[in-house]
S.K.: 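Have a look at this one.
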Number of protein chains: 2
Amino acid sequence: MTTRDDATRGAKVAVRDRVLRAALAAFEDKGPDRVRVQDIASRAGMSSGHVLYYFRDRDRILISTLLLSEESLAERRDRAVRRASDAAAALDQLTRLYLPTGPRDVRWALWAQVLARPPEDIATRDRLQELANAWTLCIAALLQPASPPDGLAAASLYCHLMDGLAMEVLLGASGHGRAWAVREAAAGLAALAR
Amino acid sequence: MTTRDDATRGAKVAVRDRVLRAALAAFEDKGPDRVRVQDIASRAGMSSGHVLYYFRDRDRILISTLLLSEESLAERRDRAVRRASDAAAALDQLTRLYLPTGPRDVRWALWAQVLARPPEDIATRDRLQELANAWTLCIAALLQPASPPDGLAAASLYCHLMDGLAMEVLLGASGHGRAWAVREAAAGLAALAR
DNA sequence: CGCCAGTCTAGAGTGTCGTTCTAATTCTCG
DNA sequence: CGAGAATTAGAACGACACTCTAGACTGGCG
């Protein structure tokens, strides 16, 4: 049994979701900075005005898409951890999931957009921060048993190291693609989890 | 004795420089994303059309300003190294110079802008990459004597760790300001240079 | 000296967006 | 059903980067 509020809220969520999926698809083939609100609207089969009726402005679409993208990646992360044979294998998988697939990686491109113009309200910034924290906690759990006294500190350092590597991949300089980042990360993990 | 070409070239450089200084000043009080070409032009005492006669587009102003800003920071870096009493003190100084002063740090804000829309041509991207490499080399030289076989690898990891920390400071989440980043960096250095 | 070619400069013009407004349609509930 | 609220499309608006145009300046050469 659903009340009116529940029903309309459900519909709203569905429309929002349709927009976000359209946005994600658009970002994948053009890069977030080249995608216009109109592009997203067309893909979602609605007018640009309507898109902005649901998301107050373009930036909110970016942030919401990032949130969606992180959410689905988090699921893959948790599944990978569960399936991994041992901690080392899990860490390897997580590293590969976390690092960008290349200079055009949508998730990282969205992070770059957000960092270029961070949200005004602290609440949203803190919420984005939480996304990073979740990875740190997950990695800390894997590091804890075998490692230095404070696995959390090491995990935090490792995550930030990967952030730095990701940014460099995003820049797209020659010789600094995903493969390079994976190698650097492996070296970093070895040094930090000692 | 200067030929006509030398003279005009010198004048060109002077005008470009005036624009870049105006841009830097503007970025400092509004953040690069909020500064319009017109703002820069006003500060430099010229028309916006004229600014774009020297820099083909807005992005080139951002990149050139970043280059200028990195250049002056590199000088401070080299001076700090020369003046430091020992390697540990030098590393501490370098870390403080490298990390952002806060969420509004102009240099890092410019990096964020560039990463959000990386230059089309590989040459420019490689040139930006070189800026990072210079820091790595500088740190490697300080790490080399006292450290693991490969100081360069450790230096690279440390730089990327700081990049990641910087990005998080830029995001501006609560509790993740400069002081936090400096602490994390210190912990990271201890772990990496072991 | 006086013209010519090239460069510099301001400012108006143009096109592309994000965003807001308006008016119409559809839904919800009494 | 009918009032009012929510939804929708599309036109209108404003801001901005970038381009164009026309005039001013400069330095060389007859």
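Numbers restart at 1 for each chain; the letters A, B, ... are given by sequence-line order, proteins then strands.
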S.K.: Among residues two or more places apart or on two chains, list those pairs meeting ring pair (Phe, Tyr, Trp, His ring centres under 6.0 Å) that have a residue in residues 82-104 of chain B.
M.R.: B/Tyr98-B/Trp108, B/Tyr98-B/Trp135

S.K.: Could you tell me which residues satisfy side chain to side chain donor-acceptor pair (under 3.5 Å) with B/Arg77, sequence neighbours excluded, listed by chain and number?
M.R.: none

S.K.: Where the side chain of A/Tyr53 is concerned, which of C/dA10, C/dC8, D/dA6 is the nearest nucleotide?
M.R.: D/dA6

S.K.: From the options C/dC8, D/dT8, C/dG11, select the nucleotide whose nearest atom is closest to the side chain of B/His50.
M.R.: C/dC8

S.K.: Please list all pairs passing the salt bridge (charged side-chain N to carboxylate O under 4.0 Å, His left out) test where one or both residues lie in residues 59-72 of chain A, with sequence neighbours left out.
M.R.: A/Asp57-A/Arg60, A/Asp59-A/Arg117, A/Glu70-A/Arg107

S.K.: Can you give each donor-acceptor pair under 3.5 Å made by side-chain atoms of residues 120-129 of chain A, sequence neighbours left out, with the distance rounded to 0.1 Å?
M.R.:
residue  : atom : partner  : partner atom : Å
A/Glu120 : OE2  : B/Arg34  : NH2          : 2.6
A/Asp121 : OD1  : A/Thr124 : OG1          : 2.9
A/Asp121 : OD2  : A/Thr124 : N            : 3.2
A/Asp121 : OD2  : A/Thr124 : OG1          : 2.6
A/Arg125 : NE   : B/Leu171 : O            : 3.4
A/Arg125 : NE   : B/Gly172 : O            : 2.9
A/Arg125 : NH1  : A/Pro119 : O            : 3.0
A/Arg125 : NH1  : A/Glu120 : O            : 3.0
A/Arg125 : NH2  : B/Gly172 : O            : 3.4
A/Asp126 : OD1  : B/Ser174 : N            : 2.9
A/Asp126 : OD1  : B/Ser174 : OG           : 3.0
A/Asp126 : OD2  : B/Ser174 : OG           : 2.9
A/Gln129 : NE2  : A/Asn133 : OD1          : 3.2
A/Gln129 : NE2  : B/Glu168 : OE2          : 2.7

S.K.: Which residues within residues 110-120 of chain B lie with some heavy atom under 4.0 Å of an atom in DNA chain C?
M.R.: none

S.K.: Side-chain atoms of residues 79-87 of chain B: list all donor-acceptor pairs with protein atoms under 3.5 Å, sequence neighbours left out, distances to 0.1 Å.
M.R.:
residue : atom : partner : partner atom : Å
B/Asp86 : OD1  : B/Ala89 : N            : 3.0

S.K.: In residues 25-36 of chain B, which residues come under 4.0 Å of DNA chain D by heavy atom?
M.R.: B/Arg36

S.K.: So B/Phe55, base contact, sugar-phosphate only, or nothing? Heavy-atom distance under 4.0 Å.
M.R.: nothing

S.K.: Roughly, in whole Å, what's the span from CZ in A/Arg16 to P in D/dT7?
M.R.: 12 Å

S.K.: Enumerate all atom pairs, one protein N or O and one N or O from nucleotides 19-23 of chain C, separated by less than 3.5 Å.
M.R.:
residue : atom : partner : partner atom : Å
C/dT19  : OP2  : A/Arg58 : N            : 2.6

S.K.: Name all pairs fulfilling the ring pair (Phe, Tyr, Trp, His ring centres under 6.0 Å) condition that reach into residues 55-77 of chain A, sequence neighbours left out, sorted by first residue then second.
M.R.: none

S.K.: Could you tell me whether the side chains of B/Tyr158 and B/Thr95 share a donor-acceptor contact shorter than 3.5 Å?
M.R.: yes

S.K.: Sequence neighbours left out, what passes salt bridge (Lys or Arg N to Asp or Glu O under 4.0 Å) with B/Arg178? Give chain and number order.
M.R.: none

S.K.: Going by side-chain heavy atoms closer than 4.5 Å, which hydrophobic residues are tied to B/Leu152, directly or by a chain of links?
M.R.: B/Leu137

S.K.: Quick one: side chain to side chain donor-acceptor pair (under 3.5 Å) partners of B/Asp17, sequence neighbours excluded?
M.R.: B/Arg21

S.K.: Round to a whole Å and report the spacing from CD of B/Gln38 to P of D/dA15.
M.R.: 13 Å

